[in-house]
Structure formats: structure tokens, C-alpha cells
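Below, read A as the first sequence line, B as the second, and so on, with proteins coming before strands; counting in each chain starts at 1. None of the values given here were measured: they were computed from a predicted structure.
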Number of protein chains: 2
Amino acid sequence: MNDVLRLRPGYALRRAANAMMSELARRLGTIDLRIAEASVLLLIDRREDVTASEIGRILDIQRANMVPLLGRLEAAGLIERRPIDGKSQAVLLTESGRRRRAQADAITTQFEDDLMARIDPAHRDHLIPALGALWRAD
Amino acid sequence: MNDVLRLRPGYALRRAANAMMSELARRLGTIDLRIAEASVLLLIDRREDVTASEIGRILDIQRANMVPLLGRLEAAGLIERRPIDGKSQAVLLTESGRRRRAQADAITTQFEDDLMARIDPAHRDHLIPALGALWRAD
DNA sequence: TGATAATGTTATTGTCAATAACTATCCGCA
DNA sequence: TGCGGATAGTTATTGACAATAACATTATCA
């Protein structure tokens with residue numbers, strides 16, 4: 001590979017994220033979940049009365065993009081919506097959603113163990129702090 | 001932010017890459033380049049007779065997706081194509097392409113300096129090796 | 001020479017993300 | 001209490017990057 005790009009942190013970050021996403025998408029595909037869907041399921045476990053907007057704020061997903069996402073989860077019978085007031089609605093897991101969430105949890109946990117195992121122990125513990133600084137700095 | 005996701009390396013990687021890409025896209029937008037376009041320009045500098053397929057292999061861009069990408073660069077007058085034989089074509093920078101490449105180089109270099117500056121020095125030097133292990137392990 | 005591989009292309013699809021515009025509802029405060 | 005501004009949910013559209021399948025043409029090499 002060309003040195004012009006190999007050593008650039010931005011490029012390395014992009015490539016690593018792409019490789020990670022495509023492998024994670026493959027694994028989550030076995031339980032019929034997209035990555036964004038799985039992150040919603042993982043988030044709303046044991047939280048009662050989380051609204052769609054709130055999920056979006058936490059995961060940085062635009063309100064507008066939550067609509068089809070939650071629509072798919074609801075169509076798959078994984079979540080239910082219950083009106084809180086005239087304006088907001090709670091999103092909660094169905095029984096089937098809880099089972100699926102457990103599967104997604106197992107898959108992602110295993111996946112991330114596999115990820116970390118590929119990194120030299122000398123570098124391993126620095127990854128999350130370094131990424132955190134990039135992510136939360138704006 | 002919720003601990004369920006904050007500490008997951010896959011999620012942190014995805015979020016960091018998203019934040020990075022959106023800021024980089026903004027900066028490259030000032031010289032009318034997309035990220036993928038800039039990486040092509042950065043790659044083909046001073047390489048004569050690189051074919052489209054070869055660029056795609058190095059950058060992991062499908063042959064099919066190189067077509068519109070190079071088409072845009074050519075329409076913008078940044079590259080030229082010259083037939084090597086009946087089947088392959090060399091991609092080379094025009095004079096205007098060389099100037100644009102220099103701008104892109106300056107922007108990305110500055111950008112990545114800014115990125116690295118945000119990371120605690122204790123973690124900084126571990127980022128590229130760690131990302132490299134994730135990217136090149138498949 | 002003749003099968004096989006490689007190149008460039010068209011067309012289509014998928015995933016995630018961003019923006020604008022709209023309706024309806026809630027909430028704080030004068 | 002009523003009003004204005006903020007908030008929730010929605011529709012529709014767009015953009016960037018990536019993946020797949022199919023095809024015609026040309027090169028390669030056994």
C-alpha cells in the first residue's frame with residue numbers, strides 16, 4: 001500500500017471503520033438486524049418510557065431518520081410504541097425484542113472481543129480513549 | 001451517554017469515523033472535492049501510468065465505483081486518461097489537478113494534525129498501529 | 001490458437017446520514 | 001389564562017460511499 005495514505009490517521013480511521021462495519025453487518029445479518037437497528041435495541045433495554053427523540057439524541061440519529069428505523073423494528077415485532085402524551089411516545093421492547101436484543105448483545109460482545117484481540121496488547125487499551133477524543137471533541 | 005454503548009470499541013470506532021469524515025468533508029468541500037476524490041488525487045501524484053483498476057485495488061474501491069469517481073475528476077479537468085493498450089488506460093493529473101492535489105494535501109495534513117492534537121499524548125502514538133490491526137486483519 | 005483472466009463500463013441496490021418543511025402538541029411566562 | 005416558542009413525530013428528498021451482477025472488449029499464456 002502506498003505510504004502517501006497508509007500513515008494518515010484519517011485514512012486509517014476510515015478504513016478501519018469500514019472493515020469493522022462490514023464484518024459487524026455480516027454477523028448481525030444472521031439475526032436479521034442492521035447495525036443501526038441493533039444499536040437501538042441495545043440502548044433501550046430495561047429503559048422504560050424512552051421516547052424516539054431521546055433515542056435519537058443519544059445515538060446521534062436525526063429524528064427524521066428514526067422514523068423508518070423504528071418502523072422496521074416495529075414491523076418485525078421487536079418494539080412497541082405507547083403514547084406518553086399527545087406528542088411523545090414511549091418505545092419499548094416486546095418479548096421477541098428482548099430475545100433479539102440478547103442475541104445482538106452476544107454477537108456484538110463476541111465481535112468486539114475478536115476486534116480487540118487483533119490489536120497488539122501494547123496498543124489495545126489506548127484505542128477507546130483515543131477514539132473518544134476524536135468523537136467527542138466537536 | 002449510555003454506558004451500554006459508550007465503552008464498546010465498535011461503536012466508538014464508528015462514531016469517531018463519522019465525526020472525522022464529516023469534518024474532513026466540510027474542509028475538502030472548500031476546494032470542491034469529496035473525500036474519495038481527494039484520496040485518488042493524493043494517490044496518483046507523481047505516479048505515471050497508474051490504471052483505474054490499480055487505483056481501485058490500492059484504495060479498495062470497486063472498479064465499478066471508480067467510473068463515476070474518475071468521471072467527475074475528469075469533468076472537473078483534474079485528471080486525463082490516456083490509453084495504455086486497447087484495454088487499460090493511464091490516469092494522470094493535469095496541471096490543474098496538480099494544483100488541486102497540493103491544496104488537498106495541505107488541507108488533509110492540517111486536518112490530521114488537528115485530529116492528533118485532540119488525543120492525549122499518552123494515547124496518540126497507539127492510534128495508527130491499533131487501527132492498522134483492525135483494517136488489515138481480514 | 002483458444003480458454004481464461006483482466007479492464008472498463010452500465011445499471012441497480014443498500015446503508016447511513018443530512019436537510020427542509022409541515023402538523024400537532026406541550027410548556028413557560030407575561 | 002392565553003400566547004409564543006420549543007419539542008415530537010412525520011414525509012419527502014438528497015448525498016456519499018459501497019456492493020453486486022452482467023456485459024463487451026482485450027490481453028495473456030499454456
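- Although no hydrogens or angles enter the test, the distance criterion places no donor-acceptor pair under 3.5 Å between the side chain of B:Arg15 and the main chain of A:Trp135.
- You'll find the side chain of A:Leu127 reaches within 4.5 Å of the side chain of A:Leu131, heavy atoms only.
- Rounding to whole angstrom units, NZ of residue B:Lys87 and P of D:dT26 are separated by 11 Å.
- Look at A:Arg15 and you won't find any side-chain N or O under 4.0 angstrom from OP1 or OP2 of D:dA18.
- Ionic pairing of A:Glu54 and A:Arg57 is not present here: no N-O contact between side-chain nitrogen and carboxylate oxygen is shorter than 4.0 angstrom.
- One can place CD1 of A:Ile61 at 15 Å from P of D:dA8, the figure rounded to the nearest angstrom.
- For residues 24-35 of chain B, proximity to DNA chain D is found at B:Arg34, B:Ile35, defined as any non-hydrogen atom under 4.0 angstrom from a strand atom.
- Between the side chain of A:Thr30 and the backbone N or O of A:Arg26 there is no donor-acceptor pair closer than 3.5 Å.
- Checked by distance alone, A:Asn18 brings no side-chain donor or acceptor within 3.5 Å of a matching partner on the base of D:dA18.
- Atom NE2 of A:His123 and atom CD1 of B:Ile128 lie 11.0 Å apart (nearest 0.5 Å).
- If you take CZ of B:Arg63 and P of D:dA18, they are 16 Å apart, rounded to a whole angstrom.
- B:Asp32 and B:Arg100 are not joined by a salt bridge, as no carboxylate oxygen comes within less than 4.0 angstrom of a charged side-chain nitrogen.
- Distances shown here put every side-chain N or O of B:Arg72 at or beyond 4.0 Å from the OP1 or OP2 atom of D:dA16.
- One interatomic measurement links the two molecules: CZ of A:Arg57 to C1' of D:dT7, which rounds to 8 Å at whole-angstrom precision.
- Between A:Arg14 and A:Arg81, the residue anchored closer to the 5' end of DNA chain D is A:Arg81, taking for each the nucleotide with the nearest heavy atom.
- Between A:Gln62 atom CD and D:dA16 atom P there is a gap of 16 Å when expressed in whole angstrom units.
- Residue-level contact check: B:Asp60 touches neither bases nor backbone, having no heavy atom under 4.0 Å from any strand.
- As a whole-Å value, the separation of B:Gln89 CD from D:dT26 C1' is 13 Å.
- Chain A approaches DNA chain C within less than 4.0 angstrom (heavy atoms of the protein), and the contacting nucleotides run 5' to 3' from C:dT15 to C:dC26.
- With the nearest nucleotide of DNA chain D identified for both A:Ser88 and A:Pro68, A:Ser88 has the one nearer the 5' end.
- Of the candidate nucleotides D:dA19, D:dT7, D:dA21, D:dA21 has the atom nearest to the side chain of B:Ala64.
- Following rounding to the nearest Å, B:Met21 (CE) and D:dC17 (C1') show an atom-to-atom distance of 7 Å.
- Side-chain atoms of A:Thr94 come within 3.5 Å of backbone atoms of A:Gly77 as a donor-acceptor pair (strictly under, hydrogens ignored).
- Residues satisfying the side chain to side chain contact (heavy atoms under 4.5 Å, CB included) criterion with A:Gln89, sequence neighbours excluded, are A:Arg81.
- Salt bridge A:Asp60/B:Arg14: absent, no basic N to carboxylate O contact under 4.0 Å.
- Note on A:Ser53: a side-chain N or O is less than 4.0 Å away from OP1 or OP2 of D:dG9.
- In this structure, CG of B:Asp85 is placed 7 Å from P of D:dT28, rounded to the nearest angstrom.
- A donor-acceptor pair shorter than 3.5 Å can be found between the side chains of A:Thr109 and A:Asp105.
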